[in-house]
Number of protein chains: 2
Amino acid sequence: MPAYTSINSEILSKIKEAVGTDAVIQDPEKLIEFGKDAAEDAHIPDLVVEATSARQIQKLLRLANRHCFPVTPRGLGTGLAGGSVPLFGGVLLSLAKMNRILAIEQDNLIAVVEPGVVTLDLQNAVKEKGLFYPPDPASLDTCSIGGNAATNAGGPACVKYGTTRDYILGLEAVLPSGEIIKAGVRTRKGVVGYDLRHLLLGSEGTLGVLTKLILKLIPLPQAITTMVAFFPKLTSAMESVTAMLIRGHVPCAVEFLDDRCLEITKDMLPFKEAQSAKAMLIIETDGVQDVIERQMEAIGEICLECSATDVIMAPDSLKRARIWEIRRAVSLRIEERFPLFLHEDVVVPIGKIAELVGGLRGLEEMYGMNVYSYGHAGDGNIHVNITAEDPKNRDRIEEGIKDLLRKVLSIGGTISGEHGIGIAKKRFLSMELSAESIRIQKAIKDIFDPNQILNPGKIFE
Amino acid sequence: MPAYTSINSEILSKIKEAVGTDAVIQDPEKLIEFGKDAAEDAHIPDLVVEATSARQIQKLLRLANRHCFPVTPRGLGTGLAGGSVPLFGGVLLSLAKMNRILAIEQDNLIAVVEPGVVTLDLQNAVKEKGLFYPPDPASLDTCSIGGNAATNAGGPACVKYGTTRDYILGLEAVLPSGEIIKAGVRTRKGVVGYDLRHLLLGSEGTLGVLTKLILKLIPLPQAITTMVAFFPKLTSAMESVTAMLIRGHVPCAVEFLDDRCLEITKDMLPFKEAQSAKAMLIIETDGVQDVIERQMEAIGEICLECSATDVIMAPDSLKRARIWEIRRAVSLRIEERFPLFLHEDVVVPIGKIAELVGGLRGLEEMYGMNVYSYGHAGDGNIHVNITAEDPKNRDRIEEGIKDLLRKVLSIGGTISGEHGIGIAKKRFLSMELSAESIRIQKAIKDIFDPNQILNPGKIFE
């Protein structure tokens with residue numbers, strides 16, 4: 001990293017001149033809030049710039065190059081890997097106020113949005129026009145599309161619909177140099193030049209600041225239906241997941257909770273059947289009403305074949321809301337219970353989930369930790385939540401995590417499915433990527449950002 | 001470009017030592033065949049290396065760096081933009097013999113293949129296991145998966161299923177340096193580091209040689225059904241396309257032929273209704289039998305609402321095969337008729353197809369050309385075939401093409417949807433991409449290939 005200049009009064013006044021005084025926040029309490037995300041502790045920026053236009057960002061980044069101060073872009077701060085945390089201080093660039101839906105083009109099945117739009121707001125707005133934007137990270141009512149794009153956020157819908165990167169056809173970004181470029185297209189297809197669109201997506205705000213996104217929309221499914229299934233063991237639940245997929249039933253969500261997660265959420269679950277269960281699946285299908293009903297029946301039969309003890313079809317809407325509330329709140333419940341809480345976000349090939357989760361008990365004993373697993377059974381993305389009663393145990397647990405990640409990689413998995421690397425996982429990066437791959441990635445970073453002013457200290461050690 | 005060394009006897013013997021004498025082809029007649037693709041004239045390489053392993057390619061590329069000769073990778077030569085044509089001679093690296101399907105993992109819904117596998121062979125092999133690999137370029141029975149990946153090939157299925165890049169989860173590539181890297185994952189999700197996978201996909205063999213591909217598979221749809229609709233004008237046909245999509249009916253193919261294309265294929269079409277029609281749609285839906293039947297009825301009604309004169313449901317399998325044969329053969333028919341034939345591959349937002357195609361008649365008069373349009377109405381990808389009776393007219397027609405591309409770009413389109421840039425379209429690249437975007441792309445090329453030994457002269461002027 002270069003030796004960054006601290007933001008003195010001279011630079012401050014230049015920033016204010018460039019972006020407008022109204023866009024600058026210096027209130028110390030607010031600086032703390034902007035300095036953290038949903039998992040990582042705060043690093044306090046020198047100031048916050050709340051941008052409302054690409055032009056302001058362009059001016060800010062040009063100043064940053066001239067005076068060598070770091071700029072860290074941030075959506076709505078719901079990330080879980082510290083990607084938006086201003087590790088080296090400097091300017092925290094908030095995109096929260098660039099939150100306009102610029103267009104919903106029904107004929108072209110696209111939407112054009114600024115990065116600060118809340119994901120759920122976009123989903124609701126397109127729904128009114130009979131259209132659907134599928135990506136659904138757990139924080140969808142509080143996270144931003146721009147943050148989703150920067151991290152390539154996933155969610156339960158991935159099993160049927162893919163992740164954020166599959167729905168961003170094109171984009172506008174301000175590069176660290178201050179140049180504004182377009183990448184990708186406004187169309188369904190496009191193969192002109194290298195794929196800078198995908199290079200920017202998932203780059204966690206290190207290669208450019210996303211200022212406009214062109215989203216692919218699809219027709220809104222007519223109906224959705226839910227099923228809950230309880231199992232005497234997790235392997236049976238996972239067998240039913242692979243069986244349903246192979247037999248051609250692709251739900252729009254297949255979530256699971258292991259016995260530990262069930263244990264701490266049973267009191268909230270509106271099903272007496274949960275009491276003795278060791279694993280739960282939440283399954284949803286969407287499409288034409290009678291088709292998804294028949295499909296759900298077939299899926300229910302598959303679950304029963306795979307030893308499900310109870311299959312509860314189409315719980316009423318109150319219960320359905322409750323299920324999802326619990327599914328989304330489970331990590332908070334775990335966090336409340338343990339002084340030490342580290343969440344991993346691994347993915348394994350679908351057929352290997354049971355093998356991975358089955359092996360976790362061995363790790364627990366070896367490293368003195370308690371592991372809570374839940375997540376996206378339909379796409380192999382498991383949130384492995386590692387906890388311990390004693391925070392002093394951290395070093396040993398760190399070894400346990402490395403052992404877990406080695407196991408994940410050995411069975412063809414990846415160390416992050418949807419959270420990204422940020423600062424939380426960069427010490428593990430070289431476990432997955434070769435030295436040559438990292439060398440090329442750093443060289444690409446240097447092309448975009450020779451002075452290392454944009455979001456320094458992320459992804460790479 | 002550097003001054004390439006010609007392949008003298010010393011270098012030749014080193015190549016033979018590196019890759020094995022059996023892998024080297026020097027027969028002049030075969031060299032001509034390997035020097036062209038399906039559209040561009042031959043540039044004759046000095047020799048062909050038919051690789052059977054990544055290790056051979058590694059050795060070859062290291063020699064190329066040491067002695068400064070160009071290496072041009074080639075799948076099965078069905079490209080339409082000259083991406084695999086060895087513009088500067090040197091070594092033509094054929095991947096045709098790396099054609100093993102290494103694994104079809106039913107539980108994990110993936111396949112692992114070498115690049116030379118014929119796309120249709122892969123489709124058939126996974127079909128036997130109840131799985132589906134959707135990408136379907138028109139040449140699917142003669143093209144290779146590796147070539148599809150290098151160009152991000154599309155096809156009719158894009159409207160529902162996306163293109164090749166959506167089905168390549170991970171890959172192995174030999175970089176120009178000779179380093180072998182992996183990019184992407186074997187899983188449904190993955191967000192570790194920059195997206196080198198998508199950077200390599202669609203880079204037309206200029207950033208690396210793809211040696212292994214990990215493909216995403218989905219369950220095989222139970223059934224497929226076809227419909228043909230005839231319209232009195234093209235705008236009506238296009239209105240029906242947007243209407244069916246907005247109303248939630250997403251076919252797995254929506255192809256169109258304009259009046260000109262109908263004119264030259266009428267004699268082959270097994271429908272008397274074609275005689276007076278000015279536009280034809282071929283529509284297919286796949287999924288659960290009774291659902292797609294009902295869906296097709298709804299689509300048929302939409303077509304009739306939009307002035308279709310005839311809607312022919314579920315033609316028998318002979319007729320269906322005939323329709324697709326004609327759809328795939330139309331460009332050959334055009335080519336046979338005219339001494340001058342240039343095929344463009346533009347994409348516009350779905351709702352803009354009629355506007356674009358409607359404007360083509362004006363261009364015809366202005367530039368003395370005849371335009372035949374057909375293609376993928378469902379995703380806006382139109383093959384605009386520009387022909388003239390007099391080949392001397394080429395300069396004027398070139399102006400006409402530029403005018404067409406300007407129009408495409410002005411309505412939010414792109415100049416290439418699935419063929420790529422190669423050599424055929426590089427003179428138009430700067431119409432779509434900004435100078436800064438091209439500068440970054442060239443800088444990325446320099447990281448991967450500082451000596452410009454891999455597939456020189458492509459994409460960029």
Side-chain angles (χ1 to χ4, degrees), chain A residues 106-110 130 151-152 154 158 163 166 179 181 185-196 198-199 201-203 219-220 222 242 245-246 248 250 288 291 347-351 379-381 412-418 420-421 429 432-434 436-437 440-441 443-444 447 459, chain B residues 106-110 130 151-152 154 158 163 166 179 181 185-196 198-199 201-203 219-220 222 242 245-246 248 250 288 291 347-351 379-381 412-418 420-421 429 432-434 436-437 440-441 443-444 447 459:
Chain A
Q106 202 183 19
D107 276 11
N108 299 325
L109 290 107
I110 63 172
T151 54
N152 182 35
C158 172
T163 61
D166 301 310
E179 293 279 343
I181 68 159
V185 288
R186 293 172 75 93
T187 51
R188 262 18 192 189
K189 284 175 176 165
V191 289
V192 175
Y194 296 154
D195 193 347
L196 297 188
H198 279 113
L199 193 58
L201 298 176
S203 70
L220 187 67
Q222 288 171 18
T242 41
L245 294 172
I246 292 168
V250 182
V288 178
V291 177
V347 196
V348 293
I350 302 161
D379 58 40
N381 185 194
T414 177
I415 64 170
S416 187
E418 51 184 24
I421 301 299
L429 190 74
E432 178 157 343
L433 301 182
S434 69
E436 179 65 6
S437 175
I440 288 171
Q441 295 185 36
I444 290 172
I447 291 173
I459 304 178
Chain B
Q106 201 184 19
D107 276 12
N108 299 325
L109 291 108
I110 63 172
T151 55
N152 183 35
C158 172
T163 61
D166 301 311
E179 293 279 343
I181 69 159
V185 287
R186 294 172 73 94
T187 52
R188 267 6 198 195
K189 284 176 176 164
V191 289
V192 174
Y194 296 154
D195 193 347
L196 298 188
H198 279 113
L199 193 58
L201 298 176
S203 70
L220 186 67
Q222 288 170 19
T242 41
L245 294 173
I246 292 168
V250 181
V288 178
V291 178
V347 196
V348 293
I350 303 160
D379 59 39
N381 185 194
T414 176
I415 64 170
S416 187
E418 52 183 25
I421 301 300
L429 190 74
E432 178 157 342
L433 301 182
S434 70
E436 179 65 6
S437 175
I440 288 171
Q441 294 186 37
I444 289 173
I447 292 173
I459 304 177

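It should be emphasised that the depicted structure is a prediction, and the values quoted were computed from it without experimental measurement. Below, chains carry the letters A, B, ... as their sequence lines are ordered, and counting in each starts from 1.
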Quick check on the interface: out of [options], who has the most heavy-atom pairs with chain A under 4.5 Å?
options                            : result
I444(B), T242(B), V250(B)          : I444(B)
N381(B), T163(B), L220(B)          : N381(B)
G190(B), G202(B), G248(B)          : G190(B)
L429(B), V288(B), L201(B), V348(B) : V348(B)

Query - Distance, nearest 0.5 Å, that separates CG of L196(A) from CD1 of I440(B) - result: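 L196(A) atom CG to I440(B) atom CD1 measures 6.5 Å (nearest 0.5 Å).
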
Query raised in the report: Distance from I246(B) atom CD1 to N108(A) atom CG, nearest 0.5 Å?
Result: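 Atom-to-atom, I246(B):CD1 and N108(A):CG are 8.5 Å apart.
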
Name the region of [X], side chain, backbone, both or neither, that has any atom closer than 4.5 Å to a heavy atom of chain A.
X       : answer
D166(B) : side chain
D379(B) : both
I459(B) : side chain
S203(B) : both
S434(B) : side chain

Minimum-distance pair of heavy atoms, taken over all atoms of [X] and [Y]:
X       : Y       : value
R188(A) : C158(B) : O-SG, 4.2 Å
G417(B) : K189(A) : O-CB, 3.5 Å
V192(A) : I415(B) : CG2-CG1, 3.7 Å

Which bit of [X] is near chain B, if near means a heavy-atom gap under 4.5 Å: side chain, backbone, both or neither?
X       : value
Q106(A) : both
S416(A) : both
L109(A) : side chain
E179(A) : side chain

Heavy-atom pairs under 4.5 Å with chain B, option from [options] with the top count:
options                            : result
D195(A), V191(A), D107(A)          : V191(A)
I110(A), N152(A), V347(A), V185(A) : V347(A)
G193(A), G380(A), G130(A)          : G193(A)
E436(A), E418(A), Q441(A), Q222(A) : Q441(A)
T151(A), I181(A), I350(A)          : I350(A)

